[in-house]
> 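Please see the structure below; I have some questions.
Start at 1 with the first residue, then count along the sequence.
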Amino acid sequence: MSASVPSPAAVVDAEPLPRQDEVLTGAALAFVAELHRRFTPRRDELLALRAERRAEIARTCTLDFLPETAAIRADDSWKVAPAPAALDDRRVEITGPTDRKMTVNALNSGARVWLADFEDASAPTWENVVLGQLNLIDAYRGNIDFTDPVSGKSYALRPAQELATVVMRPRGWHLDERHLKVDGRAVPGALVDFGLYFFHNARRLLDLGKGPYFYLPKTESHLEARLWNDVFVFAQDHIGVPQGSVRATVLIETITAAYEMEEILYELRDHASGLNAGRWDYLFSIVKNFRDGGPRFVLPDRNAVTMTAPFMRAYTELLVRTCHKRGAHAIGGMAAFIPSRRDAEVNKVAFEKVRADKDREAGDGFDGSWVAHPDLVPIAMESFDRVLGDRPHQKDRLREDVDVKAADLLAVDSLQARPTYAGLVNAVQVGIRYIEAWLRGLGAVAIFNLMEDAATAEISRSQIWQWINAGVEVERDGTTVRVTPELAREVAAAELAAVRAEIGEEAFAAGHWQQAHDLLLTVALDEDYADFLTLPAYEQLTG
């Protein structure tokens, strides 16, 4: 039933944007305010629980499956709700921010699903937050097009039956939205993104034969999934759409969530659609939680930690088994390669790596996977078509051969690879170049032919921090050197000089390069490890 008296609306504290009144209506802001008043106190409690759990991990240097939820894991009778038709076949999903060009291209990409991203692939400027919502509203109205101001090329939507199904990703629980306040306090970005999207689009999507579908990021426990479930139940009643209209796919991209996959699905079982196996955020979470754990938790260069590493394989195979046991989709990780328009040989090598990765996922039982660029859609589609054929998924593959122990998920020291000087340089390069773009309002950035987002910046700065604090030694020009703050500063200064030479003095001065350099060193060298790079970065983000 709908609320009889609307709550006083949230207050917008920002410069007006074109057409913002179509998004920031009185009723929509009142809905967001109601979400905030009902659920932010619990969000705050759960963030405090994260800190307590992190302190316990620092003390014990271990994790285990929860004894208090053993009955849920042992009960074979429960399943998640059946997938709606629009989400039954997810064999290829494309990810990206919700700017107008990406909205058209992603919907037209040939992928079955588009992850419309308000999180790691989107810097949370107010313009990106509001106009991203507007672009999705326009898309569902069939009233979106785009003309590139540089090339003059026009983009328009294909027929409705050819478009990808949208699964929207709001921000994580930890981020607040400073431009929207209720009772003088900033509203969590997750509730802003979810609330505006759900309010404007839930009924329209159901009328189109789809629904309000979500990816839930940065989840750390089943209690956080329970909070999201309660948000869904309230929102569906408040707006007046049937319970179960919402479907949520949870990203298992934190090490703590990997120990609670079944419990997370259980809490969301009337609204759950599946789980996703990320990579960079997962590694970032391992570093963050076990940063005091000594040499056995030191990760090598990020590109050396592939999904075939024993502890990563344990994580992905456990995810497939868990999902299929409970009737949920298992969605694989990102192919982040960005094809080169100038180097066919680079493309050939990269395409073969993408194909091998997607072949492995389809062979392991995943029901779909992610790509970052439309040119990769056919490659991933071919891998899954070969395994699935005409079937929408392979949930019948229960993977009962998989038996993952708690220690398997933490066997970081099973890797043969070790940190290298080149890995340090790459972490600094990616960190500076990504943060600079983020400060200009760009969340998805092509760097060295890879689509980088906030998760790759997080693992980059976390590895610098970890290597310094663990006393890691690397080979540099035939000499063994220790990774120290001084070495990190030296590498960062060299990268700044290289960027200046590469792009020219004028472009360098027009960017945020020094600011990005300083911010990377702050979060990589501070004794107090920042939980999320985006928290101090948001304080410096203009707009």
Side-chain angles (χ1 to χ4, degrees), residues 46 50 53 57 63-66 69 72-73 80 90 93 95 113 115 117 119-120 167 169-170 172-174 190 213-229 247-269 271-290 305-307 309-334 361 364-370 395 399 402 404-406 408-412 453-455 458-459:
L46 290 170
R50 286 184 179 182
R53 192 175 199 182
I57 291 171
L63 276 169
D64 203 345
F65 301 105
L66 301 179
T69 54
I72 291 173
R73 298 192 299 274
V80 303
R90 305 176 61 171
E93 306 191 353
T95 73
V113 166
L115 187 160
D117 200 3
E119 200 233 359
D120 273 0
V167 180
R169 179 161 71 169
W173 281 125
H174 61 285
Y213 306 142
F214 299 93
Y215 260 111
L216 304 181
K218 306 289 191 290
T219 300
E220 296 197 15
S221 75
H222 70 286
L223 298 178
E224 294 179 17
R226 181 182 299 171
L227 174 57
W228 268 120
N229 195 73
R247 285 294 189 278
T249 305
V250 180
L251 293 117
I252 302 299
E253 55 186 354
T254 67
I255 185 63
T256 52
Y259 287 87
E260 300 183 35
M261 292 191 215
E262 288 196 77
E263 293 91 330
I264 286 168
L265 286 176
Y266 181 80
E267 294 293 345
L268 286 159
R269 59 195 180 280
H271 301 105
S273 177
L275 302 177
N276 169 273
R279 181 177 172 192
W280 300 132
D281 262 318
Y282 189 73
L283 295 177
F284 157 52
S285 175
I286 292 174
V287 173
K288 176 163 65 173
N289 281 285
F290 291 91
V305 188
T306 68
M307 300 305 277
F311 72 101
M312 296 297 282
R313 190 135 182 84
Y315 148 63
T316 56
E317 293 200 313
L318 179 61
L319 187 144
V320 172
R321 173 169 182 160
T322 300
C323 285
H324 289 181
K325 177 182 178 182
R326 303 305 181 182
H329 282 75
I331 307 298
M334 170 73 80
E361 288 182 326
D364 282 350
F366 280 96
D367 304 296
S369 189
W370 284 7
K395 294 178 189 176
R399 292 307 312 270
V402 171
V404 173
K405 308 300 185 188
D408 297 338
L409 296 170
L410 293 179
V412 175
D453 66 10
E458 290 282 26
I459 186 62

> side-chain contact (heavy atoms from CB on, under 4.5 Å) with A225: which residues, sequence neighbours excluded?
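For A225 the side-chain contact (heavy atoms from CB on, under 4.5 Å) partners, ignoring immediate neighbours, are I264, E267, L268.
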> A side-chain contact here means heavy atoms from C-beta on lying under 4.5 Å apart; do I255 and K288 qualify?
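They are not in contact (no side-chain heavy atoms under 4.5 Å apart), so the answer is no.
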> Rounded to the nearest 0.5 Å, how far apart are CE of M261 and CZ of R73?
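Going from CE on M261 over to CZ on R73, the span is 12.0 Å.
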> Can a donor-acceptor pair be found, under 3.5 Å and without considering hydrogens, that links the side chain of R269 to the backbone of Y266?
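Confirmed, R269 side chain pairs with Y266 backbone.
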> Taking all non-hydrogen atoms of both residues, which atom of D64 and which atom of A406 are closest, and how far apart?
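Closest approach of D64 to A406, heavy atoms only: OD1-CB, 3.3 Å.
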> Are any non-hydrogen side-chain atoms of L63 and L409 less than 4.5 angstrom apart?
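Answer no - side chains too far apart.
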> Under 4.5 Å between any side-chain heavy atoms of F311 and L410, yes or no?
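Side-chain contact under 4.5 Å: no.
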> NE2/H271 to CG/L216 distance, rounded to the nearest 0.5 angstrom?
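Interatomic distance, H271 NE2 to L216 CG, rounded to 0.5 Å: 11.5 Å.
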> For the backbone of W370 and the side chain of E93, can you confirm whether one donor and one acceptor N or O come within less than 3.5 Å of each other?
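Checking the backbone N and O of W370 against the side chain of E93, no donor-acceptor pair under 3.5 Å is found.
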> Would you call F284 and D281 a side-chain contact if the rule is heavy atoms closer than 4.5 Å?
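Result yes, sub-4.5 Å side-chain heavy-atom pair found.
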> When rounded to the nearest 0.5 angstrom, what is the spacing between CG in L283 and CD1 in I459?
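L283 CG to I459 CD1: 5.0 Å, rounded to 0.5 Å.
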> With a 4.5 Å cut-off on side-chain heavy atoms, are R399 and D364 touching?
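Of all side-chain heavy-atom pairs linking R399 with D364, at least one is under 4.5 Å.
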> Run the side chain to side chain donor-acceptor pair (under 3.5 Å) test against R169 and tell me which residues pass, sequence neighbours left out.
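R169 satisfies side chain to side chain donor-acceptor pair (under 3.5 Å) with D117, E119 once adjacent residues are dropped.
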> Nearest 0.5 angstrom please: M334 CE to S369 OG, how far?
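So the CE of M334 and the OG of S369 are separated by 9.0 Å.
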> Check ring pair (Phe, Tyr, Trp, His ring centres under 6.0 Å) between W228 and all other residues, then give those that pass, not counting sequence neighbours.
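Partners of W228 under the ring pair (Phe, Tyr, Trp, His ring centres under 6.0 Å) test: W173, F194, F232.
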> Is the closest side-chain heavy-atom distance between L251 and Y215 below 4.5 Å?
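Yes, their side chains come closer than 4.5 Å.
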> Side chains of R50 and H174: does their closest heavy-atom pair fall under 4.5 Å?
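The answer is yes; the side chains approach within 4.5 Å.
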> Does a side chain donor of either R326 or T322 reach within less than 3.5 Å of an acceptor in the other side chain?
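Their side chains do not contain a donor-acceptor pair, so the 3.5 Å distance test is not met.
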> Is a donor on one side and an acceptor on the other found under 3.5 Å between the side chain of N276 and the backbone of G332?
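Yes.
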> Drop me the distance from T249's OG1 to H329's NE2, to the nearest 0.5 angstrom.
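Those atoms lie 8.5 Å apart.
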> Quick check: do V402 and V320 have side-chain heavy atoms less than 4.5 Å from each other?
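Counting from C-beta outward, V402 and V320 never come under 4.5 Å.
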> Would you mind checking if R53 and E220 are paired as a salt bridge, meaning a charged N to carboxylate O distance below 4.0 Å?
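Not counted as a salt bridge, because no side-chain N and carboxylate O are separated by less than 4.0 Å.
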> Apply the test side-chain contact (heavy atoms from CB on, under 4.5 Å) to residues Y315 and V404: give CA-CA distance (whole Å), side-chain angles for both, the deciding distance (0.1 Å), then the verdict.
CA-CA 8 Å; Y315 148 63; V404 173; over 6 Å; no
> Under 3.5 Å, side chain of T254 to main-chain N/O of T219, donor-acceptor pair present?
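Answer holds: yes.
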> Would R279 and Y282 count as a cation-pi pair here, with the cationic atom under 6.0 angstrom from the ring centre and within 45° of the axis?
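Checked: cation-pi criterion not met.
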> Can you tell me how far CG of L66 sits from CD of E262, rounded to the nearest 0.5 angstrom?
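The distance works out to 11.5 Å.
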